[in-house]
J.: 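Below is the structure I would like to discuss, written out as structure tokens.
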2 protein chains.
Amino acid sequence: MQDVARRAGVTKQTVSNVVTGRVAVRPETEARVRAAIDELGYTPNLVARSLATGSTRTVGLFVPTVTTAFYAHVVEEAEDALGRQGYHLLLCTTRRDGGRARQHLAGLTSRSVDGLLIAGDQDLPGRLPLPAGARFPVVLCAWETELPGRFPVVTIDYELGGHLAGRHLRELGHERVAVLAGPAHGRRVAGLRRAFADDGLTVPDSAVHLVPASAGLAGGIAAARAALAADPDTTALFATHDVLAAGALQAARDAGRSVPRDLSVVGYDDDPAGPLSRPALTGVALPTREMARQAIELLLGAVSAPGEPVGTPRPLPPELIVRDSSGPVPRA
Amino acid sequence: MQDVARRAGVTKQTVSNVVTGRVAVRPETEARVRAAIDELGYTPNLVARSLATGSTRTVGLFVPTVTTAFYAHVVEEAEDALGRQGYHLLLCTTRRDGGRARQHLAGLTSRSVDGLLIAGDQDLPGRLPLPAGARFPVVLCAWETELPGRFPVVTIDYELGGHLAGRHLRELGHERVAVLAGPAHGRRVAGLRRAFADDGLTVPDSAVHLVPASAGLAGGIAAARAALAADPDTTALFATHDVLAAGALQAARDAGRSVPRDLSVVGYDDDPAGPLSRPALTGVALPTREMARQAIELLLGAVSAPGEPVGTPRPLPPELIVRDSSGPVPRA
DNA sequence: CTGAAAGCGCTTACAG
DNA sequence: CTGAAAGCGCTTACAG
């Protein structure tokens, strides 16, 4: 910067003024300065600027993992929304490990991020008090279980998604549904139940089969097999995420049941592979990217208006995409 | 820091000494300082330290996307390897867009990252001169096409993977193979051809079907259909990545050909869903995480020993995982 | 082993 | 509109 100033015949304060644009400078002076910048290939040193201004133009993002389509899209959309405003992304995958999250939090704090977005129920805000030095806003997104309440949250109406799936099955005449449920998916199941309750039907606890988070496709296959064995009269399977639904499709095939003729399968999450499975999967599609975009905008808003209270927007509505894996209840 | 010093009755230089451990301090003094740090909840300000030392303990990672299993694993493994040494990760997904990459590069430069890892052929180092201010080491990984040569690269022996697949098919007696090839997968195809050439057979260009990068599963289905239509006597399909192989499996089913009885299918990439497809996919497994780990270690080595030349390690060998989608050539 | 001083590269009031 | 000065929170030789 000093070099640029010398070359342009001004002081570095003037250079700073043209770079930041905070103070107007005479056009001809500005031209000289810009010329010097180009000739010298000067790039402002953001770490020095950060020390002076207190803003790093960097935000942290916590996700449990990046290996699922859902979180991969959250990451990409967050990065895009950030980039549009000149921010960069410090990525932290927590792997649902509290110790790891704590370490990352300390790292982000000492690096003075301007804000932090925590995506996915991670049980962090409850257990994880922010370090003393943490003076940045925090926003939560993709939150499904009880809300911590300490932070604004941009999330999806997961219960509505379940309700859409349930109503769809009811409209097709299904009365006996089994559920393959991942952990923390209580709202999705509650929505399905509400749709059945709307018609005076109950989905008993015995029809809900829980699958551990890490079980993956194999877990879906096993759970679907168990569900069909437990109640052979089941005519529909509702999976609380698409990996489980894909497993259900395979288990149905293995059991010699044709989808959707003998059995309907409805998924949840709109995994990009869903439309291409055979049969193409009917399922609940989530406004993932929209959610991530809004969350970043909320966070950046809080960054630039420190004191002001930020309102939590209403949960975003999912949609039901009807494809080929669901059909009318088979006639007994 | 000043507060800590005051509370411990020393100067801040002494506090710095105990925090960095660079200069030994008397045990009792150190104890007083540590106590003050704990009481005040002091966290060192890394941006100030960075300005003073020139090191940010942050590295940039360029990936084309984060929505494929391959790159998701690269990101997670890189983050792990970085975290072990106290580094944080600035993630940039380039989406194979030069303009976007250029912008990110400028951002990383002005943020003074300590190093940059570029994963995946991105045609960047050729077209993208580093900004003048960029004084950090760059390492490439997962590079498959011609190497830029300007930077060390940690990659995989992609040609060997193709050879393993080809030898496997030859051992099963296959003579007519069709190839579904993604762009930039020339080495994988070359390896397959070499295996056939080892036995005096040729894989003609007409048997190689190119699929655009963005075509996904639908592209694989279409290409496989085209391949089977072009040469109905084909007994084996080699796909240069698993999404294409999954498409091939579906196209085979649609065409009424049973895998592996009528047709063998071999994939490449070891997508986690491969073992769970029906039939389970035979394919080439890549040492993705090992590669990412080594790349970060190489990069961090270059960071801490600026002048020294870094050697490019030999490409990592893939492995063939034989599952159920490949079998003996059907008898004519 | 500890303290006083300079400096990292910027920005920000504050005079002129 | 431009220049001189102080300061952001650290580290680093350099004396004592």
Side-chain angles (χ1 to χ4, degrees), chain A residues 1-34 36-37 40-58 86 106-107 109-114 131-136, chain B residues 1-34 36-37 40-58 86 106-107 109-114 131-136:
Chain A
M1 189 170 197
Q2 189 58 268
D3 297 344
V4 172
R6 196 159 22 226
R7 182 165 195 127
V10 297
T11 64
K12 64 189 171 102
Q13 295 72 357
T14 304
V15 176
S16 174
N17 287 338
V18 351
V19 172
T20 63
R22 249 178 46 90
V23 173
V25 306
R26 204 189 312 165
E28 57 183 78
T29 310
E30 170 165 356
R32 273 212 320 282
V33 171
R34 294 214 176 278
I37 287 177
L40 266 36
Y42 166 76
T43 320
N45 180 327
L46 273 203
V47 359
R49 178 182 295 176
S50 296
L51 184 58
T53 64
S55 154
T56 55
R57 303 234 115 202
T58 300
T109 301
S110 54
R111 278 173 182 75
S112 304
V113 290
D114 288 348
R135 311 219 174 293
F136 47 78
Chain B
M1 190 172 199
Q2 189 59 267
D3 297 343
V4 171
R6 197 159 21 227
R7 183 166 194 126
V10 297
T11 64
K12 64 190 171 104
Q13 295 73 356
T14 304
V15 176
S16 175
N17 287 339
V18 351
V19 171
T20 63
R22 248 178 47 90
V23 174
V25 307
R26 205 190 312 167
E28 57 184 75
T29 310
E30 170 165 355
R32 272 212 321 281
V33 171
R34 295 214 176 278
I37 287 177
L40 265 38
Y42 166 76
T43 319
N45 179 327
L46 272 203
V47 0
R49 178 183 293 175
S50 295
L51 185 58
T53 64
S55 154
T56 55
R57 303 234 114 200
T58 299
T109 301
S110 53
R111 278 173 181 76
S112 304
V113 291
D114 288 348
R135 311 219 173 293
F136 47 78

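FYI, side chains are in, hydrogens and waters are out, and symmetry mates aren't considered; it's all heavy atoms of this structure. Residue numbers start from 1 in every chain, and the chains themselves are labelled A, B, ... in the order their sequence lines are given, proteins ahead of strands.
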J.: Can you name the salt bridge (Lys or Arg N to Asp or Glu O under 4.0 Å) partners of R6(A), sequence neighbours left out?
T.: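 In terms of salt bridge (Lys or Arg N to Asp or Glu O under 4.0 Å), with neighbours along the sequence ignored, R6(A) is linked to D3(A).
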J.: Assuming nearest nucleotide by heavy-atom distance, tell me which of L51(A) and N17(A) is located more 5' along DNA chain C.
T.: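 Closer to the 5' end of DNA chain C: L51(A).
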J.: How is T20(B) classified with respect to the nucleic acid when contacts are heavy atoms under 4.0 Å: base, sugar-phosphate, or nothing?
T.: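 Sugar-phosphate contact only.
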J.: Which comes earlier along DNA chain C counting from the 5' end, the contact point of Q13(B) or that of Y42(A), where each point is its nearest nucleotide?
T.: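 In this pair, the answer is Q13(B).
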J.: Sequence neighbours left out, what passes side chain to side chain contact (heavy atoms under 4.5 Å, CB included) with T11(B)? Give chain and number order.
T.: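 Per chain and number, T11(B) pairs via side chain to side chain contact (heavy atoms under 4.5 Å, CB included) with Q13(B), T14(B).
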J.: Residues two or more places apart in sequence or in another chain: which of them pass side chain to side chain contact (heavy atoms under 4.5 Å, CB included) with A48(B)?
T.: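 So A48(B) forms a side chain to side chain contact (heavy atoms under 4.5 Å, CB included) with L51(A), N45(B).
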J.: First and last nucleotide of DNA chain C touching chain B, 5' to 3', heavy-atom cut-off 4.0 Å?
T.: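 Contact span on the strand: dC1(C) to dG9(C).
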J.: Quick one: which residue pairs count as a side-chain hydrogen bond (donor to acceptor under 3.5 Å, both in side chains) with a foot in residues 47-56 of chain B, not counting sequence neighbours?
T.: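 Every side-chain hydrogen bond (donor to acceptor under 3.5 Å, both in side chains) pair that includes a residue of residues 47-56 of chain B, provided the two are not neighbours, is S55(B)-D114(B), T56(B)-D114(B).
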J.: Could you spell out the base pairing of DNA chain D as a dot-bracket line? Use Watson-Crick and G-U wobble contacts where both distances are under 3.5 Å, [ ] for crossing pairs, | for partners on a different strand.
T.: |||.||||||||.|||
J.: Partners of R135(B) by salt bridge (Lys or Arg N to Asp or Glu O under 4.0 Å), sequence neighbours excluded?
T.: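 Counting only residues at least two positions away or on another chain, R135(B) forms no salt bridge (Lys or Arg N to Asp or Glu O under 4.0 Å).
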J.: Nearest 0.5 Å, what's the CD-CZ distance between E30(B) and R34(B)?
T.: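 If we round to the nearest 0.5 Å, E30(B):CD and R34(B):CZ are 4.5 Å apart.
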J.: Any salt bridge (charged side-chain N to carboxylate O under 4.0 Å, His left out) pairs touching residues 7-17 of chain A, not counting sequence neighbours?
T.: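 Sorted pair list: R7(A)-E39(A).
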J.: Using every non-hydrogen atom in the two residues, find where R57(A) and R111(B) come nearest and quote the distance to one decimal.
T.: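 For R57(A) and R111(B), the tightest heavy-atom pair comes out as O-NH2, 2.6 Å.
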